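Everything below concerns the one structure shown next.
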Amino acid sequence: MTSAKTTPRTLLVISAHAGDFVWRAGGAIALAAARGERAKVVCLSFGERGESAKAWRAGRTLDEIKAIRREEAENAATTLGAEIEFLDAGDYPLVETTELVDRLVGVYRELAPDVVLTHPLADPYNGDHPAAARMALQARVLAQAAGYDAPGEPLGAPPVFFFEPHQPEQCDFKPDVLLDITAVFDRKRKAMECLPAQQHMWDYYTDLAKRRGVQLRRNAGPNLGLPHDTMGEAYMRLYPQVTGVLE
Ligand SMILES: [Zn+2]
């Protein structure tokens, strides 16, 4: 599809906690940045209560943990080539509020993203992830409304992709997009290593990228000559693909 837009494409990633965007969408972010696109991550919280067990066990205070997780996520975002903004809305629970949705509307209007990535709408292990997704989607719709009172122009209809949750089978997650992240996987791994608070995830998400890479090769056909070490990330589309050519 052609676009009238002349500015570089922009990617918006809405993440419940400070680490989510790295494990699940680090490859997509690094690819966008490598193409010279603008990539922005919005973290609704630092994951300070629910995803920082190591720091709690080490006796850190809440404020210390928030500062640690902020610095880690900033380093990871810089490694991937993305901007990052923290809304510090609190986690466990991440409470959905009109004010928070309105702040996200402001992000949409300011950024005018071409693509949006967020969590799937179901996650029986983690209520914050679906809450973040619901707010991300609600804000997208409100940002489209000409009469919604926020600075900037009404938003178009950027496609939304759900990134892969930690327990995909329980979250109604069935990959329908496999993204080849081989070219940037080293960068994703470096970004993951910026998050020592969740060191147990580094190898887990490296192994997942290998498995999704195998699946990617299988679906790309045997004759494309993809390298054996293809690495992948899986996504689900929320809205139909818009195209003039079936491919
Ligand atoms: Zn999370």
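When a ligand or atom number is given, it counts from 1 through the structure's own listing order. Atoms considered below: every heavy atom in the structure, side chains included; atoms not considered: hydrogens, waters and symmetry mates. Note that the structure is a prediction, hence the values are computed from the model and not measured.
Using a distance-only test at 3.5 Å, with no hydrogens or angles considered, no donor-acceptor pair links the side chain of Thr243 to the main chain of Leu246.
Put simply, His119 stays out of reach of the Zn ion (ligand 1), with no N, O or S atom under 2.8 Å from it. With a cut-off of 2.8 Å, the Zn ion (ligand 1) has an N, O or S atom of Asp20 in range.
As for His17, its N/O/S atom nearest the Zn ion (ligand 1) is the one called ND1. With respect to the Zn ion (ligand 1), Glu51 has OE2 as its nearest N, O or S atom.
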Could you go through the side chain to side chain contact (heavy atoms under 4.5 Å, CB included) check for Arg212 and Met231 one step at a time? CA-CA 7 Å; Arg212 291 309 186 197; Met231 305 295 261; over 6 Å; no

Test side chain to side chain contact (heavy atoms under 4.5 Å, CB included) on Gln241 and Asp176; report intermediate values, then the result. CA-CA 11 Å; Gln241 180 186 7; Asp176 55 25; over 6 Å; no

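Residue Arg38 qualifies as enclosed at atom CZ: its count of foreign heavy atoms under 6.0 Å is above 12.
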